[in-house]
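Below is one structure, written out as C-alpha cells; comments come after it.
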Amino acid sequence: MSVRKKKLLNQRSMILREMLQGLVSAYPDVVRLTDDGLIVRAQPKAPGKVGLVIGNGSGHEPAMIGFVGSGLFDVNVPGEIFTAPGPDRIVAGIKAADRGTGVLLCVSHHAGDLMNAEMALELCQMESGINVEMVVLYDDISSAPKGSEPERRGTAGLFFVWKMLGAYAETGASLTECKRLAEHIRDNTRTLALALTSAASPVTDEVMFELPDDEMEIGMGVHGEVGIGRHKLLSADATIDLMLPRLLEDLPFNAGDEVLVLLNNSGSMTLMELYILHRRVAQRLTEAGVHRYKSWIGPYATTQEMAGFALSLCRIDDHMKQLWDAPCNGAFLKGV
Amino acid sequence: MSVRKKKLLNQRSMILREMLQGLVSAYPDVVRLTDDGLIVRAQPKAPGKVGLVIGNGSGHEPAMIGFVGSGLFDVNVPGEIFTAPGPDRIVAGIKAADRGTGVLLCVSHHAGDLMNAEMALELCQMESGINVEMVVLYDDISSAPKGSEPERRGTAGLFFVWKMLGAYAETGASLTECKRLAEHIRDNTRTLALALTSAASPVTDEVMFELPDDEMEIGMGVHGEVGIGRHKLLSADATIDLMLPRLLEDLPFNAGDEVLVLLNNSGSMTLMELYILHRRVAQRLTEAGVHRYKSWIGPYATTQEMAGFALSLCRIDDHMKQLWDAPCNGAFLKGV
Amino acid sequence: MNGPDFVRLIQAIHTAMEAAQTELNALDSELGDGDHGGALATAFADAAEKAAALTNPTPSTVLAVTAQSLLNRMGGASGALYGTLFLRMSASCKDRTELTLADWQAALQAGLEGVQARGKAAPGDKTLVDALAPAVAAVSTSDTLGGAFAAAAAAAQAGADQTAEMVAKFGRAKFVGERARGHVDAGARSMAVLFAALHRYQEDEDGKT
Amino acid sequence: MNGPDFVRLIQAIHTAMEAAQTELNALDSELGDGDHGGALATAFADAAEKAAALTNPTPSTVLAVTAQSLLNRMGGASGALYGTLFLRMSASCKDRTELTLADWQAALQAGLEGVQARGKAAPGDKTLVDALAPAVAAVSTSDTLGGAFAAAAAAAQAGADQTAEMVAKFGRAKFVGERARGHVDAGARSMAVLFAALHRYQEDEDGKT
Ligand SMILES: Nc1ncnc2c1ncn2[C@@H]1O[C@H](COP(=O)(O)OP(=O)(O)O)[C@@H](O)[C@H]1O
Ligand SMILES: Nc1ncnc2c1ncn2[C@@H]1O[C@H](COP(=O)(O)OP(=O)(O)O)[C@@H](O)[C@H]1O
Ligand SMILES: [Mg+2]
Ligand SMILES: [Mg+2]
Ligand SMILES: [Mg+2]
Ligand SMILES: [Mg+2]
C-alpha cells in the first residue's frame, strides 16, 4: 500500500505561509492572518471576555486554523508542519487574544507543544500584564495506561473542548471558570484511533511508517506515533467491537451516561466507511445503555492523507449540551 | 501510485444499506431512512411548498445523502455504488417529496440517471396526480465542447443548485419558478476537475484507471471517466493557471462579474493543498476583475478516495446571494 | 410459448448470465466500470425468483416482472435499457396467453424501438443495440421459433463481435474515445448471451417434442 | 572569548550543522520524523545571520539571539530544549564581555539544568541529555579552554554513541519502544556535533596565537 507523495504544492518551504494565505482568502469574514503569522478572528471577541489561544504544529488541517471564529478560538498559532510553534509566537498569540480579562492557553499534549507553551507562559509572567492560565489537554487512551492520564497525547477528542469551551468563553465566563470547564471536558473524554495506511510528510516526503496491506494499527497518534498494536484487517463491525469496549471501560462510561460521539476522519477515509462504522457504534452504545446526544462525523483533525479514523466519546451534562448546541462560525465549523 | 483497496466495510452487498443506516443513526434530527431506502427529511417541509428530489448512484458521499434537510433537498433516492436508481424508486421519492404543489426532479446528467428519471417521469404522468417537472443539470466543461452544453456531465458544481434551489423552494416559490432558477444557476455554472490518483470501486475493488506518478489528468469525471488530457504534474499555482482560464472563457466570466467559488475535494486531497490552491484562484480572479462573493472548500461530491479536486464557479446576482446565505440543515451542511 | 414456458425461459437466461458473469465484468472493465455481468446476474436471479412466484403466469406478466427486476435491481443506464426491452415486449403481448413467432417478432420489434427511443443509440454506436438490432431483424428470416432463435443468436453474436471495430458514442465507453477499438462492448455481448440462451431454450423444447 | 569570538563560534556551529544535516535527518528518520538536521541547519543559519548583524556583540547577546532563532525558527521540543540551553547560558554570563573557562563551566551547567528542568529527561533516557550532561561534566577536567572543549567533544560523542543501547523515554522515539535499540538518538548526536564544532573552533583559535 503505497502512500500518496504526489501533492499539489508550490515550494515546500512556503507551505505554511501559502496555506494560511489561502485560508484567509477564502474566509475573509471569519479569519485574518496577522503579519506575524497568527490566525485571528476577523471580528474580535467583545472586550471583557476571556480569550482562547492554541498553538500547534500544522499538517492536521482543519485543526486548528479552521476553528478560529466566534464561539470558537480567538487565536491559533500555527507552527511548521508537525512542529510546535516557538514561545515568542505563542506570546504574540496570547497578546492578540487578550480582551482585558485574561487568556486561556490550551495545549494539546505533545512534548514540543507543552515545552513551548511553558516557556511562553514564563515569558508572559515576566513581561506582560496579561492574566494567562494554561490547560494541558489529552484524550488518547492508547498513549499511556489508565492512572497515567496526564501522560496521554492530545488527539481528535480535543474537539469537544474547542467547541464547548469556545461557547462558554462567549457567555462571559471567567478565566478560572473557563479553565475548570476545559479540564472537566478533558476528564470526561476518551479517544482511540486506528490507521489503515500511513501518510507522508509534505515537507520531507518521508512516509511515517509501513503497514502491510492486510493489517491495521490501533492507537496510532496524529503524527504517526505507533499505537498499541497491529491487528489483521477486520470488518467494520468487528473493528468497532474491538475498539469501543476499550473506550467504554477506560473512563468508564456507564449505562445511563449521555455522550457526544466523534468519528474523526484522519484524512482519506470515505464518508461511506465512516457512516458504516457509525452504524455499529450506535448499535453498541444502545446495547450498553449509553445515550448518544449528538454525533459528529468528518475530518476535524487529520494526518495528511492517512486512511484511518479516531473514535471519541465525551460524557456530558445539561450545561455541556447547551454549550454544544450554541452557534459558532469558524472556517471549518459553522452553525452546529 | 497504488490505490487504497483496503477499506473498513462489512459485506460488500450491504454497503448501501448499512451506510444509510449509519447516516440516520448519526443525524436522527435531520434525516430518516424509509422502508424503501429513501433518505427523507426528519421534519417534512411545510405543505404547499415545492418538493425537491434527486436520485443518484452512491459512492460520492456526502453527495447526495448529506444534502437532505431544511433549506436543501426533501428526498434523495440513493442507488447502488455508481449506479443510478431505477424508476420505481424515483417515483417513490417523488411521492415522498410532494407537499401538494408539485415536485421538481433534479437529474445530474449521466446517461443512467437521465434514462431512469425519464422513465420515472413517464410513470408519474401515467399514474399519479402529482405535478412533476424535471431539470437536467450539467456543469463539467471537459465532457463536451462549448455549444453542446446539454451533453456535459453533472459534477461537483451542481452543489450551487442544491444550496440555492433548496433555499428558494423554502420561500414558497412555485414549481415553474423553481425550475427556472435551477436552469439559471446551471447556465451560470462551470466546473473543471483534476485527478492526481485513481480510486477503486468498493464493490468490485477494480481500480478505475491508471495514472503514472508524475502525471495528472484534467477533466476527470466523478466516476473516473477520462478527461481532456494528461499533463505532467505541475505546481499548485501552475495547475490553477492552467485550469482557471479555461473556466473563465467557457461561460465566459467577465470583469465585473460576481461569483461563488467551490473547491471540491474528490476524496483524499488534504485541506492544506486545497487552501494553497484557493490562494491562487483568489489571486487570479482578482487579476481578472472577477469578484468573489463566497468560497467553499471541502469534500462535497467525492469519488471514493480519489486524490483530486474540482474547481467550480457560479456567476450570481443579488437574489442568488440571498439564497446562498439562507440557513439550511443537512447532515453535511449546516448554517452557511 | 405460454406463461410457464416464459418462467423457464427467464430461469434459463438467469443461468446463462450467471455463467457469463465473469466474462461480462471483464469486458466492462476494459471500457467501463466492470459491473455489467454482476448487475445482470443479480437482476435475472431476482427476475427468475419473482417469475417463479407468479400464481398465473402469462408471457406478458413474466416479461413485466422481469422488467421490474432489471429496472430496479440492476439500475443505471443498462438497467433502464434492459428493463425497457422487457417492458415493451410485455406491453406488446398484453392479451396473449401463448406467443407465436409473429408475436415474438412484434414484441422484439417493440422492444428494440423502446431501447432506441430511450438510449438514442443507433447501430454502429458500439452499444447493446449492435447485437439487439440484427437479432431482431434475424427473427424474421425463419418460420419456426427454433429457426428464428438460431438466426437471432447468430446475428446477435456477429453484431457483438463487430463492436470491437467501433468507437463508442454512448455509455461510459464514450469517454475513452479511440482507445475503445479492439474491445467488444459488454452490453452487446450480454445481448448475445441472452439470445443464445433463448436459442438453447428453444432447442431443448424442440428436443422434448 | 569575547563577543566577536562568539559570533564566529555560532557561524562555525552553523557550518557544522549544515555538514551534518543529512546524517541527522537520517538518524531522526529511524525513530522520529526525519527533520532534526534540517531544523538545526535552518535555525543556526538564522542565528549566524542575526549574530553577525549585532552592532556591539557580547557573549550574552550572541547567545540570546541564537536562543531566539532556535526557539522560534526550529520550534518543537528540540527547539525549546536547544533554545533553553542557549538562553540559560546567555543569562548566566549577562554582565561579562569575555568568558573564562570558569564562566563557560557555569554557563554550561546553567544550560544543562535548564534543559533538564524543561524536558524532564535524565541521563539514560536516550535524549540529547545523554550527550550534553557528560560534555558539561568534562569541561571541568581541564584548565584550558582547548583542553576543556576537547574533553567535552569526546564526552559528548561517547554519550551519543551510548544512546544506541538505550530505549527512549522522551520524544517521538518513546513510542517505538524496544525497536529504538541499536539506533543512535538524533538529538544526542547533534549535541556531539555542536561540541565538536566548539572544540574545532577553539583549536583554530589556539593555532592562530
Ligand atoms: N445509450 C445507450 N444505448 C444503448 N446501450 C447503451 C447505452 N448506454 C450504455 N449502453 C450499454 O450499456 C452497457 C454498460 O452496461 P453496465 O455496465 O451495466 O452499465 P454502467 O455503464 O452504468 O455500469 C454498455 O456496454 C452498452 O452496451
Ligand atoms: N524531553 C526531552 N528531553 C531532552 N531531549 C529531548 C526530549 N524530547 C526530545 N528530545 C530530543 O529531541 C530530538 C528530536 O528533535 P527533533 O527531531 O528536532 O524534534 P521533533 O521530534 O519534534 O521532530 C530527540 O532525538 C531527542 O534527543
Ligand atoms: Mg519534527
Ligand atoms: Mg455501473
Ligand atoms: Mg458497467
Ligand atoms: Mg524530528
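Treat the numbers as computed from the prediction; the structure is a model and nothing was measured. The figures that follow rest on heavy atoms only: side chains count, while hydrogens, waters and symmetry mates do not. Order of the sequence lines sets the chain letters (A, B, ...), proteins ahead of strands, with each chain counted from 1.
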Distance in Å, L71(C) CG paired with R89(B) CZ, rounded so as to fall on 0.5 Å steps: 13.0 Å

Do you know which of G119(C), A77(C), G79(C) has the most heavy-atom pairs with chain B at a distance under 4.5 angstrom?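 Among G119(C), A77(C), G79(C), the one with the most close pairs to chain B is A77(C).
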
Out of S78(C), G76(C), G32(C), G38(C), which one racks up the most heavy-atom pairs below 4.5 Å with chain B? G76(C)

Would you check if [X] and [Y] make a side-chain contact, meaning some heavy-atom pair closer than 4.5 Å?
| X | Y | value |
| --- | --- | --- |
| D33(C) | M208(B) | no |
| D35(C) | T83(B) | yes |
| N72(C) | P87(B) | yes |
| L87(C) | M119(B) | yes |

Within a 6.0 Å radius of atom [atom1] on [X], are there more than 12 heavy atoms belonging to other residues, nucleotides or ligands?
| X | atom1 | value |
| --- | --- | --- |
| D35(B) | CG | no |
| R17(B) | CZ | no |
| N56(C) | CG | no |
| E49(C) | CD | no |

Select one option (side chain, backbone, both, neither) describing which atoms of E80(B) are under 4.5 Å from chain C's heavy atoms.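 When you check distances to chain C, no heavy atom of E80(B) falls under 4.5 Å.
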
N-O pairing of R118(C) and E122(B) below 4.0 Å: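 A salt bridge links R118(C) with E122(B).
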
Considering only heavy atoms and a distance below 4.5 Å, find which of N116(B), I81(B), D113(B), I90(B) pairs most often with chain C.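 So the answer, after comparing N116(B), I81(B), D113(B), I90(B), is N116(B).
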
